[in-house]
Amino acid sequence: MTSNAYDPRAIETKWQERWESTRAFHTQNPGDPGFDASKPKYYVLDMFPYPSGAGLHVGHPMGYIGSDIVARKKRMEGCNVLHPMGYDAFGLPAEQYAIQTGKHPGETTAENIATYRRQLKMIGLSYDWDRELSTADPSYYKWTQWIFTRLYDRGLAYQTEVPVWWCEELKTVLANEEVINGRSERGDHPCERRPLKQWMLRITAYADRLLEDLDEVQWPESVKSMQREWIGRSEGAEIAFPIQGPVVDPLVVFTTRPDTIFGATFMCVAPEHPLLSKLTSVEQRAAVEEYVKAAALKSDLERTDLAKDKSGVFTGGYALNPLMDSSDPKARIPIFVADYVLGSYGTGAIMAVPGHDERDFEFAQKYDLDVVEVVKPPQGTPGLADGVCFSGKGTAVHSPPIDGLPTDDATARIVALLQERGVGAAKTTYRLRDWLFSRQRYWGEPFPILHLENGDRVRVRDEDLPVELPPMDDFTPSEDGSAPLNRAQDWVQTTDPVTGKPALRETDTMPGWAGSCWYYLRFMDPHNAGAAFSQDAEQYWGNVDLYIGGVEHAVLHLLYARFWHKVLYDEGVVKTKEPFQKLFNQGMLTAFAYKDSTGRLVPANEIEERGGKYVKRDGGEELEQVIAKMSKSLRNVVNPDQVIEEYGCDTFRLYEMFMGPLSDSKPWNPRDVPGCRRFLDKVWRAFVDVDGTEAVRPNLRQDAAGELQGDALALERSFNRALQRVDASFEHFNFNTAIAALMTFMNDVGKCAGALTRSQAERFVCVLSPFAPHVAEELWSRLGHEGGVTHAAWPKLREEFLVEDTYELIVQIKGKLRARVQAPKDADNAALEALAKEAAAAQLEGQTIVKAIVVPGRLVNFVTR
RNA sequence: GGGGAGAUGGCGGAACUGGCAGACGCAUCGGACUUAAAAUCCGAAGCCCUCACGGGCGUCCGGGUUCGAUCCCCGGUCUCCCCA
């Protein structure tokens, strides 16, 4: 039976197959046959997913649909569009799953990828599938290793002992995010910080460039400032304080406020500080050692949290203020060990100025230490005189060489003095630390490094890449904390091809971030076997024009990728300084959840609706509707498969965008979905007589002759208003307003039955197509077009149809709406005022007009007495 | 704790540059078509007073600037996100 009804499933299957078989979204590279260099390029990229076992829920595709809409419109505007997708396939969950089930992570990952691919295709996303990639594929990670070797050759990769989280129970090193309050996230076992030999990347060498070049990109200010704070550049000075007694090395501190040196009444060193044991007196040794042990169990966050109590122990040692006479009793400064000082920041020691630093102030109060005012706050600002600590800029006092100087001058003077006496110098430090780059795991990129018998380390030659992961079936961590790869001895024991001598392979692997640092570059030339990507491809595609993803990657992923990009820039293989020109963060998709009277969230499947109220199925307790993240435990996760099955993929796409601006968080409401389906039904019926057999309605078969008038003219105006709003929606990605505009136009079409012209119908289909591509393709083809709507031209706005002859003038009296009247579009102020006076004559009765404010095109406001 | 974003009908949201608050959709109610239902179409609807005409109130709360404030300024409350 052939039906003329709207059948999304049939249409969507048909066009998805057609797109696939014609490679409709395949993008040519320079040098490919058919490549048109005259078209502008546009590279629009999604942050690729980690293919988890759960598959996609309706939140994931939100950004993908947004970027797809942009990609489709850019194609219609005549751009060469690069719009690829891949998988960030290495990572911990697959390995944990392997430990539990024995299933190889490669197998799990391949299955998950298959699910993701199926789901992504089902959504009708216009990716160039020929460019699909997986970071766990040796043909990809060969080049991840290749880039690592460039870093290694440049001295940007090194091994060193750093404190890392170690869990004795699990016999493994854990990442920061796997440790919560000093206990393992899995199993809740105690963890401690332990120094272990790790690979580090010298990202700090790029700190200034990573900071400066933020000015070149169009990113949300919030993300830029997060990166700036993460890098945390601060200018100040390093000062060497001689130690009283037998210790020869001075205690070097970093401070951003050298001008407050005369206010330093005590010093603090980190528990990890190398001089600590030398500083510690015999009497204090036991207390200090105990303190150091306790500190090892805390995270940096716990240690530095401003809300937490500051703690410390006197070491028994004293330092001397280098700018004071050593015989002056005030020059003698007691030294404490305190864990709010971090070994990894600055020099691991501070001069504490309790008068002008909140943390030092708190510490001094707790341990009853001297507080001296050395900066007088500006007039009106409370300071020490009022019993509060002042940390801003002011005027130096009680500081002989700089008394009376404003803070900036005082700082410069002190730095000069320190330098003169050889006890200090200006110094810039960063919060950013080198990147801990190794993991004692199996499912990651092996390091292309060989350890020789004599202790030397060499990198694997380019021609021997990739270093592939050996097949293994046991991924549990070893007793001694070494990586699982250490047990693949056939693989570990190898020969250095240069010297022919025996060598051991590095058994750590790279972290999950590695593969995602450069995937946007591989997409430009994904099958290149001789290079990571060709120079021609990189030259043409440049950087990513629009990068869409979640704000959770604001710091780490984006900073790491920028770092690698800059290294590649120095290496001469990329020509752009920054990888992502414009960044856009989509909002989070939430769902409704229900709270009982105790505030507990009740799983969605234990709830029912009774007369507009939400109640618990058993017991009938009334519940409050709130908004929460989609989560397995609340059973409020919505799967796209079900939605698409029931309503079709075009409806799904439309609803995802219609919910609200792409950047906002918003709740998924299954009740709203049918509204979008109804809109598509309406569109279909405007084009197709569902009871007939014709492809399209008769009035759409050929162009209407002559000038537009009546309903056709009204529709032309309506269409152009809609088009204007659609075009505008691409500025801020608030596609909800674009869809609302299309709906308004369709409502107008419904009011003017039969008046829709072929030209209007065609342009409408074009504008609809980025949002609901399948139904648009079907209607486009029914209108008799051979080529797909994918490459049809985007309609041009015709401004002459935006102006009406008259408009509704608002008449206000003292700012309150009192009347409306039709006004000619070019009436002058006097005419408008006269018109308004007449329209509001009744309300103006008995009042004196003091003033009339006339805003042509909008309103007249009478101020009366 | 720090940083950021936000708060508009029963719900999601709209509102150009300070100028008609509530577009569009959902849910609701009424009507048409139907033997009936579904689907579809038409209509109503922020809240309060009023039979109605009409009026009052209204964009988290309290102030301010302005002829006029959802929008700008000051103070506060709450929510969400990120650092984690």
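All chains are named by letter (A, B, ...) in the order of the sequence lines, taking the proteins before the strands, and each is independently numbered beginning at 1. Just so we're clear, the structure is a prediction, and the values are computed from it rather than from any experiment.
Straight-line distance between the P atoms of B:A7 and B:G25: roughly 23 Å, to the nearest whole Å. The same atom, P, is picked in B:U50 and in B:G1; the two are 49 Å apart, to the nearest Å. B:U59 and B:C72 have their C1' atoms separated by 16 Å, given to the nearest Å. Here the separation of B:C53 from B:U34, taken at their C1' atoms, is 39 Å to the nearest Å. Rounded to whole Å, the P atom of B:A5 lies 29 Å from the corresponding atom of B:A21. Comparing the P positions of B:G22 and B:U35 gives a spacing of 41 Å, expressed to the nearest Å. Going from the C1' atom of B:U17 to that of B:C71 covers 10 Å, rounded to whole Å. For the P atom pair drawn from B:C16 and B:C60, the interatomic distance equals 16 Å after rounding to whole Å.
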Next on the checklist: Determine whether A:Arg685 and A:Asp681 satisfy the following criterion, salt bridge (Lys or Arg N to Asp or Glu O under 4.0 Å), listing intermediate values before the conclusion.
Outcome noted: CA-CA 6 Å; A:Arg685 283 195 309 271; A:Asp681 285 332; 5.2 Å; no
Checklist entry - Hey, mind stepping through A:Phe363 and A:Tyr340 against ring pair (Phe, Tyr, Trp, His ring centres under 6.0 Å) and telling me if it holds? => result CA-CA 10 Å; A:Phe363 192 90; A:Tyr340 74 94; 5.6 Å; yes
Checklist entry - Passes ring pair (Phe, Tyr, Trp, His ring centres under 6.0 Å), A:Tyr430 versus A:Tyr345? Steps please. => result CA-CA 8 Å; A:Tyr430 301 86; A:Tyr345 179 76; 9.7 Å; no
Next on the checklist: The test is ring pair (Phe, Tyr, Trp, His ring centres under 6.0 Å); show your working for A:Trp513 and A:Phe437 and say whether it passes.
Outcome noted: CA-CA 9 Å; A:Trp513 307 104; A:Phe437 195 65; over 10 Å; no
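When the nucleotides B:C67, B:C24, B:G12 are ranked by their closest atom to the side chain of A:Asp672, B:G12 comes out on top. Of the candidate nucleotides B:A15, B:G19, B:G12, B:A15 has the atom lying nearest to any side-chain atom of A:Thr737. Among the nucleotides B:G3, B:C82, B:C20, the one closest to the side chain of A:Ser225 is B:G3. The nucleotide whose nearest atom lies closest to any side-chain atom of A:Met226 is, among B:G25, B:C82, B:G19, B:C82. If you check B:C57, B:G13, B:G19 against the side chain of A:Lys816, the one that comes closest is B:C57. Distances from the side chain of A:Met743 to the nucleotides B:G25, B:A14, B:G19 place B:G25 closest. The side chain of A:Lys682 lies closest to B:C41, out of B:U40, B:C24, B:C41. Set against B:G25, B:C83, B:C81, the side chain of A:Trp230 has B:C83 as its closest nucleotide.
Counting atom types as modelled, A:Arg671 pairs no side-chain N or O with a base atom of B:C26 as donor and acceptor under 3.5 Å. Checked by distance alone, A:Arg858 brings a side-chain donor or acceptor within 3.5 Å of a matching partner on the base of B:C16.
The nearest whole Å value for the distance from the CG atom in A:Leu809 to the P atom in B:C20 is 12 Å. Summarising the geometry, the separation between CG on A:Asp664 and C1' on B:G6 is reported as 8 Å, rounded to the nearest angstrom. Between the CG atom of A:Asn734 and the C1' atom of B:A15 there is a distance of 12 Å, given to the nearest Å. B:A15 atom P lies 21 Å from atom CG of A:Leu817, rounded to whole Å. The nearest whole Å value for the distance from the CZ atom in A:Arg677 to the P atom in B:A38 is 18 Å. Here the C1' atom of nucleotide B:G3 and the CD atom of A:Glu229 are 6 Å apart, to the nearest Å. The nearest whole Å value for the distance from the CD1 atom in A:Ile813 to the P atom in B:G55 is 10 Å. As a whole-Å value, the separation of A:Lys666 NZ from B:G25 C1' is 15 Å.
Within 4.0 Å of A:Asp681, counting heavy atoms only, lies no atom of the nucleic acid at all. Within the nucleic acid shown, A:Arg818 comes within 4.0 Å of sugar-phosphate atoms alone, with no base atom in reach, counting heavy atoms only. No contact: A:Lys224 has no heavy atom under 4.0 Å from any strand. Counting any heavy atom pair closer than 4.0 Å across all strands shown, A:Asn861 reaches a base atom. Using a 4.0 Å heavy-atom cutoff across all strands shown, A:Val863 reaches sugar-phosphate atoms only and no base atom. Within 4.0 Å of A:Arg820, counting heavy atoms only, lies at least one base atom of the nucleic acid. Nucleic acid contact for A:Pro674: none, since no nucleic acid atom lies under 4.0 Å from a heavy atom of the residue. Residue A:Gln812 is in base contact, counting any heavy-atom pair closer than 4.0 Å across all strands shown.
Listed pair A:Arg685 / B:C41 meets the phosphate criterion, a side-chain N or O lying under 4.0 Å from OP1 or OP2. Put simply, A:Asn736 has a side-chain N or O that comes within less than 4.0 Å of OP1 or OP2 on B:A14. An OP1 or OP2 oxygen of B:C26 is reached within less than 4.0 angstrom by a side-chain nitrogen or oxygen of A:Arg678.
Of the two residues near RNA chain B, A:Glu552 and A:Gly675, the one whose nearest nucleotide lies more 5' is A:Gly675. Toward the 5' end of RNA chain B, the nearer of the two residues A:His553 and A:Gly815, judged by each one's closest nucleotide, is A:Gly815.
Base-pair partner of B:A23: not found among the strands shown (Watson-Crick or G-U wobble, both distances under 3.5 Å). Summarising the base pairing, B:U65 is matched to no nucleotide, lacking a Watson-Crick or G-U wobble pair whose two defining distances lie under 3.5 Å. Taking a pair to require two hydrogen-bonding distances under 3.5 Å in either a Watson-Crick or a G-U wobble arrangement, B:G43 pairs with B:C29. The nucleotide B:G1 finds its pairing partner in B:C83, both defining distances of the Watson-Crick or G-U wobble pair being shorter than 3.5 Å. The partner of B:A7 is B:U77, by the rule that a Watson-Crick or G-U pair needs both atom distances under 3.5 Å. The pairing partner recorded for B:C51 is none, the criterion being a Watson-Crick or G-U wobble arrangement whose two distances lie under 3.5 angstrom. If you check B:G18 for Watson-Crick or wobble pairing at under 3.5 angstrom, you find it has no partner at all.
Side-chain contact between A:Phe679 and A:Asp650 is absent, with no heavy-atom pair separated by less than 4.5 Å. Looking at heavy atoms from C-beta onward, A:Trp219 lies in side-chain contact with A:Leu558 at the 4.5 angstrom threshold.
Defined by atom type and a distance below 3.5 Å, a donor-acceptor pair is missing between the side-chain atoms of A:Gln724 and A:Asn720.
When all heavy atoms of A:Gly550 and A:Gln586 are compared, the pair lying nearest together is N-OE1, 3.4 Å.
For A:Val855, the side chain to side chain contact (heavy atoms under 4.5 Å, CB included) partners are A:Ile853, A:Arg858, A:Leu859, not counting sequence neighbours.
Taking the syn range as angles within 90° of 0, the glycosidic angle of B:G9 is syn.
Remark: A:Phe687 CZ to A:Glu694 CD distance equals 16.0 Å, nearest 0.5 Å.
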